[in-house]
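All values below were derived from every heavy atom in this structure, side-chain atoms included, with hydrogens, water molecules and symmetry-related copies excluded.
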Number of protein chains: 2
Amino acid sequence: MAETATKRAGRPLDTAKRDAIVAAASDAFFELGFAASSIEKIAADAGVSKVTVYNHFGDKSALFSAAVERECEKMRGHFSIDMSSSANVRDRLLTIGQSMHAFLSRPEMVQFERRIAAETADEPQIGLAFLNAGPRRMRAAFSAFLAHADTTGELSVPDPDLAAEQFASMCKGFGDLERRFGAPPDPDRDALRIERAVDLFMQAYAPAK
Amino acid sequence: MAETATKRAGRPLDTAKRDAIVAAASDAFFELGFAASSIEKIAADAGVSKVTVYNHFGDKSALFSAAVERECEKMRGHFSIDMSSSANVRDRLLTIGQSMHAFLSRPEMVQFERRIAAETADEPQIGLAFLNAGPRRMRAAFSAFLAHADTTGELSVPDPDLAAEQFASMCKGFGDLERRFGAPPDPDRDALRIERAVDLFMQAYAPAK
DNA sequence: GACAAACTGAACGCAGCCGTTCAATTAAAC
DNA sequence: GTTTAATTGAACGGCTGCGTTCAGTTTGTC
């Protein structure tokens with residue numbers, strides 16, 4: 001087999017055009033949904049002919065998958081937690097909670113989750129790709145942080161994975177639900193929820209003196 | 001004005017047909033989504049002609065609203081909590097958590113939430129109708145339970161609304177997310193999550209002796 | 001420079017579906 | 001029995017959109 005078969009005679013596929021197509025597809029798919037998006041409009045927005053879209057992706061589903069992959073890729077970088085901070089655990093939890101909330105409550109993210117969840121009903125692997133790129137990564141990073149804090153004695157967390165879920169879930173609370181279903185934002189309430197989550201968490205997992 | 005104007009001459013609208021239409025519409029809309037559902041198939045499934053559907057509902061959006069209203073109506077009964085049980089608070093919390101989980105993790109409910117969230121992007125009032133019929137009612141009922149337990153001294157809950165959110169959110173945890181995005185079910189994990197939620201909650205809100 | 005393949009613009013076939021119209025039938029109210 | 005209106009089945013117009021085809025042009029590789 002020729003190595004990855006990238007060398008062929010003739011004009012190669014234009015990767016800049018490909019990127020433009022996927023970008024336009026993401027805009028359309030996650031704003032309007034899969035069914036309501038049209039290849040013709042995506043091609044026009046990308047400044048490309050419809051035939052080129054089919055030449056690159058074959059059909060609408062493959063283009064959708066590429067758009068999902070692109071968004072998931074954008075997500076993957078966002079879940080690192082600094083293990084060696086000088087601040088105390090309480091303050092760091094507060095910061096982490098606020099960062100998570102800021103990341104998740106962006107309208108684009110809310111909208112993206114809505115669309116992915118809907119398409120998951122027809123194509124489960126779409127949902128799993130999202131889970132692995134986003135929530136599970138986040139839980140793993142935060143769980144590692146908690147395990148680290150356990151070894152240093154700053155916290156006492158017997159089950160870091162489950163504790164991570166508890167904290168993240170409390171930070172999201174009903175605000176997550178309300179955003180997903182179109183309720184107007186309430187930043188004060190969101191902030192309060194995070195503070196109380198830290199309170200409860202510290203009360204439960206502070207090391208026994 | 002004639003009282004509700006129900007009495008007119010001629011043949012009245014067939015309410016049984018109406019019900020069959022809405023039932024078929026619910027099946028289609030929440031299984032396939034609004035765009036992917038066709039009036040023709042809904043009419044066929046309801047054993048009714050397409051003209052009758054238009055005669056009852058006018059257009060597709062109105063039929064969708066009727067289907068949402070029907071599902072919300074079915075939800076409204078499910079959120080009562082018995083205030084006068086003899087069991088201790090811990091056991092009752094466990095039962096409540098398990099009931100909530102059983103109600104929310106049904107595949108039809110997961111699917112319904114997916115579709116409503118997606119349609120909320122286009123029609124916010126759809127999402128708000130759902131919020132009011134479901135989650136907010138549930139929070140209100142559980143919050144009232146906590147407030148009651150506070151007055152009897154079984155718990156010490158300064159902010160019942162927020163505490164209700166914390167408990168419900170921990171019970172849902174990541175299981176909610178995983179279900180929505182198509183991960184296979186994990187009943188053991190779900191059960192553990194609820195038990196640990198009760199643990200944390202009792203630790204935080206047990207009355208000071 | 002020759003060749004191969006990507007790109008374009010336009011047109012096409014095909015399918016699905018919304019919402020309407022119409023004549024004929026059925027069923028309830030008076 | 002008469003009247004009023006719901007129901008039906010079929011057909012239609014109009015639109016949108018997927019995916020294909022084709023001739024012609026551009027842009028790379030050999």
Donor-acceptor list for residues 12-29 of chain B side chains, cut-off 3.5 Å, not counting sequence neighbours:
{"residue": "B:Asp14", "atom": "OD1", "partner": "B:Ala16", "partner atom": "N", "Å": "2.9"}
{"residue": "B:Asp14", "atom": "OD1", "partner": "B:Lys17", "partner atom": "N", "Å": "3.2"}
{"residue": "B:Ser26", "atom": "OG", "partner": "B:Val22", "partner atom": "O", "Å": "3.2"}
{"residue": "B:Ser26", "atom": "OG", "partner": "B:Glu71", "partner atom": "OE2", "Å": "3.4"}

Write out all pairs satisfying salt bridge (charged side-chain N to carboxylate O under 4.0 Å, His left out) with one or both partners inside residues 42-57 of chain B, taking only residues at least two apart or from two chains.
B:Glu40-B:Lys50, B:Lys41-B:Asp45

Under the rule for salt bridge (Lys or Arg N to Asp or Glu O under 4.0 Å), what residues qualify as partners of B:Arg196, not counting sequence neighbours?
B:Asp199

B:Ala133 and B:Cys72: which non-hydrogen atoms are nearest, and at how many Å?
CB-CB, 3.5 Å

Heavy-atom check, side chain of A:Arg139 versus side chain of A:Glu165, under 4.5 Å:
yes

Considering only heavy atoms, which members of residues 48-62 of chain A lie under 4.0 Å from some atom of DNA chain C?
A:Val48, A:Ser49, A:Val51, A:Thr52, A:Asn55, A:His56

Is the shortest side-chain N to carboxylate O distance from A:Glu69 to A:Arg76 below 4.0 Å?
yes

Check each residue of residues 12-35 of chain A for a non-hydrogen atom within less than 4.0 Å of any atom in DNA chain C, then write out the ones that pass by number, or none.
A:Pro12, A:Leu13, A:Asp14, A:Lys17

Has A:Thr151 got a side-chain atom pairing as donor or acceptor with A:His148's backbone, closer than 3.5 angstrom?
yes

Note: contacts of residues 39-47 of chain A with DNA chain C (heavy atom, under 4.0 Å) are A:Gly47

For a 4.5 angstrom cut-off between non-hydrogen side-chain atoms, does A:Gln203 reach B:Leu200?
no

Who are the ring pair (Phe, Tyr, Trp, His ring centres under 6.0 Å) partners of B:Tyr205, not counting sequence neighbours?
B:Phe201

Go through the structure and list residues passing side chain to side chain donor-acceptor pair (under 3.5 Å) with A:Ser84, not counting sequence neighbours.
A:Asp82

Whole angstrom is fine here: how far is it from CG in A:Leu63 over to C1' in D:dC18?
13 Å

Would you work out how much the helix from C:dG1-D:dC30 to C:dC30-D:dG1 bends between its ends, with each end axis defined by five base pairs, to 10 degrees?
30°

Output yes when A:Arg179 and A:Asp190 qualify as a salt bridge under the 4.0 Å nitrogen-oxygen rule, no when they do not.
yes

Grab the N/O contacts between the protein and nucleotides 25-27 of chain D below 3.5 Å, and write none if there aren't any.
{"residue": "D:dT26", "atom": "O2", "partner": "A:Arg11", "partner atom": "NH1", "Å": "2.8"}
{"residue": "D:dT27", "atom": "O4'", "partner": "A:Arg11", "partner atom": "NE", "Å": "3.4"}
{"residue": "D:dT27", "atom": "O4'", "partner": "A:Arg11", "partner atom": "NH1", "Å": "3.4"}

Ring pair (Phe, Tyr, Trp, His ring centres under 6.0 Å) against B:His78, all qualifying residues, sequence neighbours excluded
B:Phe103

How many angstroms lie between CD in B:Glu108 and CD in B:Glu31, if you round to the nearest 0.5 Å?
10.0 Å

Which donor-acceptor pairs under 3.5 Å do side chains of residues 120-132 of chain B form with protein atoms, sequence neighbours excluded?
{"residue": "B:Thr120", "atom": "OG1", "partner": "B:Ile116", "partner atom": "O", "Å": "2.7"}
{"residue": "B:Thr120", "atom": "OG1", "partner": "B:Gly127", "partner atom": "N", "Å": "3.4"}
{"residue": "B:Glu123", "atom": "OE1", "partner": "B:Gln125", "partner atom": "NE2", "Å": "2.9"}
{"residue": "B:Asn132", "atom": "OD1", "partner": "B:Arg136", "partner atom": "NH1", "Å": "2.9"}
{"residue": "B:Asn132", "atom": "ND2", "partner": "B:Leu128", "partner atom": "O", "Å": "3.2"}

Side chains of A:Leu177 and B:Lys172, heavy atoms from C-beta outward: is any pair under 4.5 Å?
yes

